Amino acid sequence: MKLQFIPLDYEPFDYNGRNYIKVVGRNEKGKKICIIDSCDVYFWAILKEDAPEKRIKKIMEEINNIKIKKDSRESKVLKTELHDKNYLGKPVKAIKIFITNYKDAHDVADKIDFKEVEKRREYDLDFIAKYILERKLKPLVWHEIEGEILNNSTEFGGIDASMDIDCIKVEKIKELKEQAKFTPKILAYDIETQEIEIGKGNILMISLVGENFKKVLTWKGEPNENYVEKLKDEEAMLKKFVKYVKKYAPDVLTGYFSDGFDLPYLRARAEENQIKLNLGIDNSQPVFSRGNMLTGKIRGIVHIDLMRFIKIAYSQYLQSETLSLNEVSSELLGEKKLDFNPWNAIKSGKPDWNEFFKYNLQDSVLTYKMAEKIWPDLLEFTRIIQEPLFNISRDSMSAQVENYIIHNLEKFNEIAEKRPHYDEIGIRRNREKYVGAFVFQPTPGLYEDICFFDFSSMYASVIVSYNLSLSTKTEDKKDSYESDFNGKKVYFSKKIGFFPEMLKQIIEKRRHFKEEHKKSSDPILKARSNAFKLIANAAYGYQGFFGARYYCLEAAAATAYFARENIKKAIKEFEDEGFKIINSDTDSVAIELGNKTRKQALEVQKKINDNLPGIMELDLEGFFKRGIWVTKRTGEFGAKKKYALIDENDKLKIRGFETVRRDWCKLARDVQNKVLNLILKEGNEKRALEYVKEIIKKIKNREIELKDLIIKTQLKKPIEEYKSEGPHVAIAKKMREKEIPVDIGMLIEYYISEGESKKSLIRERAKLPDEKGKYDINYYLKNQILPAVDNILEVFKVNINEIMDGKKQMCLGDF
DNA sequence: GGTCCTGCGTTACC
DNA sequence: ACCGGTAACGCAGGACC
């Protein structure tokens with residue numbers, strides 16, 4: 001039979017000692033099906049250059065006889081072939097060794113011990129990746145499949161009988177030229193529990209939200225809405241949950257922090273109730289893996305913890321200070337969680353159950369809507385990197401870069417480099433640091449008419465333009481780029497390597513799809529352009545990452561080196577043409593127009609661009625009406641990485657200031673923001689000063705609400721490990737005493753109260769938000785408000801210190 | 001008992 | 001353990017007078 005098929009989930013299995021794979025996806029009619037397939041399993045023995053032909057033949061014969069006996073499985077070499085390949089950019093002769101089971105690849109590789117064999121490679125590749133490469137059945141891409149349906153067949157031990165859906169044994173696979181739109185069936189879920197610790201208390205309710213589908217399952221309260229279904233106990237509720245998930249048959253089951261909470265909790269409660277959480281398409285239970293970080297896998301359904309993907313692909317664009325569902329959904333959707341405190345409700349012993357149900361449902365509604373919104377990004381990441389959706393939604397950016405490389409090596413006839421071993425990682429992690437970016441020392445002051453330029457994807461374009469990678473590093477000084485690594489000269493060949501070449505294509509695609517998106521504003525094109533951008537930007541970090549297959553610290557150092565050279569050159573160009581440099585950080589230059597025109601500035605930009613190497617490009621970020629740079633708190637120098645700009649539409653761009661730092665109280669941040677606004681919008685420092693004085697008065701009169709004085713600091717490690725005990729650590733201790741749950745990663749909230757003696761430490765005066773006490777007027781004036789506005793007003797020669805004390809009126813002459 | 005300096009710790013920028 | 005270096009700055013803690 002012939003059908004169209006889009007793969008969603010890949011699951012390898014063994015049968016008679018051989019490797020097979022079940023791929024669950026949908027056909028063109030939207031029916032969920034499973035295809036069964038297999039592929040060659042092999043790895044490489046790379047030969048030394050001088051290996052004589054006769055010996056190679058002999059070696060191949062010997063390899064052909066390798067057999068491994070392990071547990072109940074017998075594994076052997078099926079055949080060998082001699083190929084011309086590339087390894088790290090150099091042509092090599094390599095023996096392709098076909099084996100019966102990939103799980104034994106490592107053991108077989110260990111048996112290949114000939115002096116003519118230089119290296120053994122690709123025995124550490126993941127089977128799913130290998131399968132996708134070999135059979136070209138790409139995730140979330142439509143294919144035409146030819147095969148035979150298994151109908152209660154005894155093949156594979158009667159695999160089709162154990163599955164809820166049709167199984168097809170595949171013969172031919174062909175990617176379709178016309179790609180129809182694919183909209184996944186998404187089901188979102190969320191649970192409410194008695195305790196925070198996994199499995200400790202009961203699950204009180206479970207909500208489910210899909211398309212035209214909403215449900216709250218519970219065994220508590222007296223429901224007054226018909227979407228709430230009351231079961232007799234927790235066990236019945238869990239069974240019903242499984243039943244509904246199976247009936248809905250989603251492609252994607254998604255929760256928010258569900259890897260770390262919802263799914264393991266469900267699993268634990270199922271165990272406690274002695275029932276099976278058989279959500280899998282073959283009625284298997286979720287499988288949890290990956291050491292520290294839990295990940296929950298459900299066969300045949302792609303379980304996605306939305307929070308993890310948002311953290312990977314979105315967090316750098318988000319303003320949210322935490323990745324909590326409430327904050328992220330209100331930023332992405334403009335919609336919030338319901339105002340209801342589940343822990344207080346539980347503690348009270350008499351929760352308003354109907355409010356609780358609504359609250360529970362809303363969490364799934366938000367999760368569902370966000371999943372829909374983020375789907376284009378998941379889709380495009382998956383299609384570009386060609387790893388299963390399950391991995392795409394969880395992998396770190398360095399893993400995404402590496403997977404992209406692995407799935408694109410074929411074009412270069414390259415054999416993949418191996419993953420570093422444990423001891424190698426240890427060495428890499430202890431390596432010396434290298435010099436990073438150049439940061440300009442700004443002069444404090446208020447500036448008018450500012451032009452802001454920046455290099456587009458600078459580090460990525462440096463890697464491409466100077467050909468910086470592991471395989472292009474060379475001892476040969478001729479025809480190469482010379483860079484510096486902590487005083488040592490390092491060279492990179494000018495003959496383009498596969499890593500820079502791949503990156504070049506990524507950048508080109510990013511530029512292409514960015515243009516395409518401008519024309520059509522299709523969200524898919526935006527997601528595609530964004531995915532290429534993120535991969536490009538992660539390429540630099542990847543080469544310096546200790547876990548990378550293509551780790552090359554010299555390349556990472558050279559990237560920073562050539563970036564410094566180019567930014568400094570650009571700065572010099574602007575200076576030589578008579579522009580004053582205001583700021584520069586890594587890849588950007590801000591200049592003051594002064595008595596020159598925008599046109600003149602753009603001419604310099606063009607001149608710079610004409611002389612830039614390779615694909616490097618200096619873009620105009622924009623024009624700004626005004627901008628402010630301040631001094632460091634200590635010393636007379638201008639502070640780096642702290643400035644505020646206002647564009648022609650009166651939109652502020654604030655960097656580094658307390659306004660954007662979450663470890664300052666809201667009042668200080670708001671006041672600073674207002675002051676920056678007044679100064680930048682109207683150039684009115686007098687109004688700003690008046691405003692600050694009003695606030696000071698309010699603080700002194702205790703007219704400020706406590707919630708605006710709460711300071712939030714993250715607990716980054718276990719309480720015991722702190723060498724120096726800051727206020728947030730002291731509060732964390734206090735919380736633990738009060739049996740309030742404290743976890744690593746939590747934002748600890750506190751305010752500073754008046755102490756008995758003035759000299760006591762700040763941590764001794766720190767109190768929990770609901771602890772009774774008077775806020776310390778002096779602390780909030782001197783440690784929060786003053787530091788937030790002092791440096792800004794100083795630019796106008798206003799000494800706020802004196803105003804605070806009320807000793808002397810301002811220094812502004814005309815005040 | 002106060003001042004100064006240093007290191008820890010967090011968060012930002014790019 | 002899951003990308004890099006550069007930088008500001010509060011607070012604690014100890015040296016020093």
Side-chain angles (χ1 to χ4, degrees), chain A residues 290-293 295 308 311-312 316 321 391 394-402 419-420 422 425-426 428-429 431-442 454-455 457-460 463 534-548 551 553 555-557 559-561 563-564 567 583-588 621 630-635 637-643 653-664 668 711-717 721-730 747-748 752 759-766 779 782-784 787-788 791:
Chain A
R290 278 207 197 181
N292 293 341
M293 276 286 208
T295 55
R308 292 184 72 162
K311 196 171 170 182
I312 294 157
Q316 64 180 126
E321 279 159 24
N391 303 55
R394 289 171 177 79
D395 283 347
S396 65
M397 278 315 292
S398 62
Q400 314 269 25
V401 170
E402 187 151 289
R419 218 180 268 132
Y422 182 79
I425 289 178
R428 291 181 184 181
R429 294 190 65 198
R431 46 80 177 178
E432 57 178 326
K433 290 198 166 194
Y434 57 85
V435 186
F438 167 73
V439 188
F440 184 84
Q441 174 83 65
D454 60 5
F455 283 93
S457 295
M458 190 192 214
Y459 278 21
I463 292 170
L534 286 180
I535 297 166
N537 287 345
Y540 159 69
Y542 172 78
Q543 296 204 95
F545 166 50
F546 53 76
Y551 174 80
L553 196 65
T559 309
Y561 172 82
R564 286 196 303 273
I567 196 75
N583 194 40
S584 170
D585 187 345
T586 313
D587 63 349
S588 69
E621 206 217 274
V630 300
T631 52
K632 278 203 282 190
R633 202 88 81 221
T634 53
F637 293 115
K640 297 173 176 180
K641 298 180 189 287
K642 269 181 101 167
Y643 59 88
K653 174 177 167 156
I654 301 175
R655 292 289 120 99
F657 273 114
E658 285 74 7
T659 305
V660 298
R661 291 183 62 95
R662 71 173 182 192
D663 54 351
W664 283 72
I711 298 162
K712 300 174 190 174
T713 314
Q714 194 183 20
L715 195 71
K716 306 264 278 190
K717 51 186 180 184
E721 281 177 29
Y722 281 92
K723 283 181 194 157
S724 124
E725 188 184 334
H728 73 297
V729 182
L747 269 189
I748 306 291
I752 304 302
K759 275 160 225 142
S760 61
L761 291 169
I762 289 171
R763 68 157 178 257
E764 287 160 5
R765 291 184 282 137
Y779 175 84
K782 282 233 155 72
N783 295 41
Q784 294 277 329
N791 300 349

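Not measured: the values here are computed from a predicted model.
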Look at [X] and [N] and indicate whether a side-chain polar atom (N or O) is within less than 4.0 Å of OP1 or OP2.
| X | N | value |
| --- | --- | --- |
| A/Arg428 | C/dC3 | no |
| A/Tyr643 | B/dC14 | yes |
| A/Lys642 | C/dC9 | yes |
| A/Arg655 | B/dC14 | yes |
| A/Ser398 | C/dC3 | yes |
| A/Arg662 | B/dT10 | no |
| A/Lys640 | C/dA7 | yes |
| A/Arg431 | C/dG5 | yes |
| A/Lys632 | C/dA8 | yes |

When A/Lys642 is tested against each of A/Lys632, A/Arg655, A/Glu658 for side chain to side chain contact (heavy atoms under 4.5 Å, CB included), which residue passes?
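It is A/Glu658, the one option of A/Lys632, A/Arg655, A/Glu658 that forms the side chain to side chain contact (heavy atoms under 4.5 Å, CB included) with A/Lys642.
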
Residues which pass ring pair (Phe, Tyr, Trp, His ring centres under 6.0 Å) with A/Tyr540, listed by chain and number, not counting sequence neighbours
A/Tyr459

Name all residues meeting the ring pair (Phe, Tyr, Trp, His ring centres under 6.0 Å) criterion together with A/Tyr434; count only those two or more places apart in sequence or in a different chain, and write none if there are none.
none

Can you measure [X] atom [atom1] to [N] atom [atom2] for me and round it to whole angstrom units?
| X | N | atom1 | atom2 | result |
| --- | --- | --- | --- | --- |
| A/Tyr459 | C/dT6 | OH | C1' | 9 Å |
| A/Tyr542 | C/dG5 | OH | C1' | 20 Å |
| A/Tyr540 | B/dC14 | OH | C1' | 10 Å |
| A/Leu553 | C/dG4 | CG | P | 10 Å |
| A/Phe657 | B/dA12 | CZ | P | 15 Å |

When you measure from the side chain of A/Asp663, which nucleotide among C/dA7, B/dT11, C/dG13 comes out closest?
B/dT11

Options C/dG4, C/dA12, B/dT11, nucleotide nearest the side-chain atoms of A/Leu747
B/dT11

Taking for each residue the nucleotide of DNA chain C with the nearest heavy atom, is it A/Asn537 or A/Phe438 whose nucleotide lies nearer the 5' end?
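Nearest-nucleotide comparison on DNA chain C picks A/Asn537.
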
Heavy atoms under 4.0 Å, any strand shown: does [X] hit a base, just sugar-phosphate, or nothing?
| X | value |
| --- | --- |
| A/Tyr779 | sugar-phosphate |
| A/Asn783 | sugar-phosphate |
| A/Gly436 | sugar-phosphate |
| A/Ala399 | nothing |
| A/Glu725 | sugar-phosphate |
| A/Val401 | nothing |
| A/Gly544 | sugar-phosphate |

Every protein N/O within reach of nucleotides 6-9 of chain B N/O, cut-off under 3.5 Å:
from: B/dG9; atom 1: OP1; to: A/Lys717; atom 2: NZ; distance (Å): 3.4
from: B/dG9; atom 1: OP1; to: A/Lys723; atom 2: N; distance (Å): 2.9
from: B/dG9; atom 1: OP2; to: A/Lys717; atom 2: NZ; distance (Å): 3.1

Pairwise P distance, B/dT10 and C/dC2 [rounded to whole Å]:
15 Å

List the atom of A/Ile567, the atom of A/Ser584, and the distance in Å for their closest heavy-atom pair.
CG1-OG, 3.5 Å

Can you name the closest pair of heavy atoms from A/Lys640 and A/Pro442 and give their distance?
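Closest heavy-atom pair between A/Lys640 and A/Pro442: CG-CD, 4.0 Å.
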
